[in-house]
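To find a chain, count down the sequence lines: A is the first, B the second, and so on, and within it residues start at 1. Side chains included, hydrogens not; waters and symmetry mates left out as well; all remaining heavy atoms used.
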2 protein chains.
Amino acid sequence: MKDNDDMPGHLARRFQQIAVAVFHAEVDQAGYDLTPVQYAALAAISINPGIDQVTLAGLIAYDRTTITGVVDRLVQKGLLVRNASTKDRRARELQITGEGQKTLEGIAPAVEAAQQLMLRGLTAEEAEELLRLLRKAIAAGNELSRAPLREVPEAGQGRPVK
Amino acid sequence: MKDNDDMPGHLARRFQQIAVAVFHAEVDQAGYDLTPVQYAALAAISINPGIDQVTLAGLIAYDRTTITGVVDRLVQKGLLVRNASTKDRRARELQITGEGQKTLEGIAPAVEAAQQLMLRGLTAEEAEELLRLLRKAIAAGNELSRAPLREVPEAGQGRPVK
DNA sequence: CAATATTGATCAGTATGCTGATTATCAGTA
DNA sequence: TACTGATAATCAGCATACTGATCAATATTG
């Protein structure tokens, strides 16, 4: 009977569990009320203003149905606006608000601290290696989940390599 | 502005996402209907018959409130029985059924295949190193989540090392 | 152009995972 | 023994995540 500690799936769940807990602890303490997922969405929209929800989902590897609720809550909090697109009436264009931008900036130190804290058991070299191995494993498994990472389809570019 | 690929929290979420997808794919294909969490609970109960829910939670690092629903569903499927303890009327003793044991054995190859598959982008050495680093990071962060790993408090033993 | 296929968003339903509260029971102590 | 604190389980409520379906709008093709 295999030990849980030899099961990558089990270790993945636990590491993520700790990562989320650390994120919440740091962010709450800094006086903000944002989840890791909400933060990632907000940051992505800030960098890609006017993005639609499907593209946003691909950019941060969310399921498309999860996005609806996440965006709902960010709009509710006044950090985003969601407007129907003029080019494609099916799509909604997402824009960050001033409040959203201010939140994103104010929360940055807490987010940074959380990223450090979840690696606190590792040396700098080990942390670097862990990230490298995670990136490599994720790249190989990207297409296996319903929410793979996708490039932003820039209008003025050729198709993405993959 | 930091890239998502440099954020351990983001990588943790994606790796876990892929791990769960791979688990479901393999298990479904083998003709079973068990989630990763249900599998872990079932396996832990098989090894520790008569365990109560709090101890089970500590053993596999679940939140205690999550256990209730997970056990509910396993009982519903006929893989577990949950009886009031005679020694402590607050506690419920969990036992695996014959059906549960059969499921656990039948599902083993699929679970094994899933664990391999989620590491398919890595060499054997890299996979080993990834697991080592995850274990180390998790050990350091164990107490930071609401659902830390706990030793089984064996009646006839001294206190666990940690 | 009309029929077909695809796509963006949403919804219903299920299963984690958490916070915080409640209830029943147990353990220790004044 | 009565009181106090701790503990096992559950519940309500919220936020991911996913499956599969639906609806409106766009794209493709015969």
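Note on B:Gln16: every side-chain N or O is 4.0 Å or more away from OP1 and OP2 of D:dT16.
At a threshold of 4.5 Å between side-chain heavy atoms, the hydrophobic network of Ile, Leu, Val, Met, Phe, Trp and Tyr places A:Phe15 and B:Leu131 in one connected group. Clustering ILVMFWY residues whenever any of their side-chain heavy atoms sit less than 4.5 angstrom apart, transitively, puts A:Val37 in a cluster other than the one holding B:Ile18.
A nucleotide of DNA chain C counts as in contact with chain B when one of its atoms lies under 4.0 Å from a heavy atom; the first and last such, 5' to 3', are C:dA15 to C:dC26.
Taking a 4.0 Å limit (strictly below) on heavy-atom distances, residues 67-88 of chain B reaches DNA chain C at B:Val70, B:Arg73, B:Asp88. Contacts of residues 89-97 of chain A with DNA chain D (heavy atom under 4.0 Å): A:Arg89, A:Arg90.
With axes fitted over five pairs at each extremity, the angle between the ends of the helix from C:dC1-D:dG30 to C:dA30-D:dT1 is 10° (10° resolution).
If you check every strand for non-hydrogen atoms under 4.0 Å, A:Thr66 touches a base. Among the heavy atoms of the strands lying under 4.0 Å from B:Asp63 is at least one base atom, whether or not backbone atoms are also near. Among the atoms of the strands shown, only primed sugar atoms or phosphate atoms (P, OP1, OP2) are found under 4.0 Å from some heavy atom of A:Ala147.
Contact of the A:Glu93 side chain with the A:Ile45 side chain is not registered, since no non-hydrogen atoms from C-beta on lie closer than 4.5 Å. Looking at A:Leu11 and A:Asp5, their side chains come closer than 4.5 Å, going by heavy atoms from C-beta outward. In this structure, B:Met7 and A:Val111 have side chains that are in contact, with non-hydrogen atoms separated by less than 4.5 Å.
Across all their heavy atoms, A:Ile60 and B:His10 have their closest contact at O-CE1, 3.6 Å. Considering all non-hydrogen atoms of both residues, B:Ser46 and B:Ile96 come closest at CB-CD1, 3.8 Å.
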Check the pair A:Glu99 / A:Lys77 against side chain to side chain contact (heavy atoms under 4.5 Å, CB included), numbers first and verdict last. CA-CA 9 Å; A:Glu99 177 81 13; A:Lys77 289 178 184 176; over 6 Å; no

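Side-chain N or O atoms of A:Tyr39 include none that pairs as donor or acceptor with a backbone N or O of A:Ile107 at under 3.5 Å. In this structure a side-chain-to-backbone donor-acceptor pair under 3.5 Å is missing from B:Arg146 to B:Asp63. Although no hydrogens or angles enter the test, the distance criterion places a donor-acceptor pair under 3.5 Å between the side chain of A:Arg13 and the main chain of B:Ala61. Without hydrogens or angle criteria, A:Gln115 side chain to B:Gly9 main chain gives a donor-acceptor distance under 3.5 Å.
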Could you list the donor-acceptor pairs under 3.5 angstrom formed by side chains in residues 24-33 of chain A, with sequence neighbours left out?
{"unit_1": "A:His24", "atom_1": "ND1", "unit_2": "A:Val20", "atom_2": "O", "d": "3.4"}

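Rounded to a whole Å, the CZ atom of A:Phe23 is 11 Å from the P atom of D:dT16.
How far OG1 of A:Thr55 is from CZ of A:Arg150: 11.5 Å, rounded to the nearest 0.5 Å.
For B:Glu128, the CD atom is loosely surrounded, since the number of other residues' heavy atoms within 6.0 Å does not exceed 12.
Ion pairing between a basic and an acidic side chain is recognised when a charged N comes within 4.0 Å of a carboxylate O; B:Arg132 and A:Glu126 show such pairing.
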Taking N or O atoms only and anything under 3.5 Å, show me the protein contacts with nucleotides 21-23 of chain D, one pair per line.
{"unit_1": "D:dA21", "atom_1": "N6", "unit_2": "A:Arg64", "atom_2": "NH2", "d": "3.4"}

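In terms of position along DNA chain C, the nucleotide closest to A:Gln53 lies nearer the 5' end than the nucleotide closest to the other residue of the pair A:Gln53 and A:Gln17.
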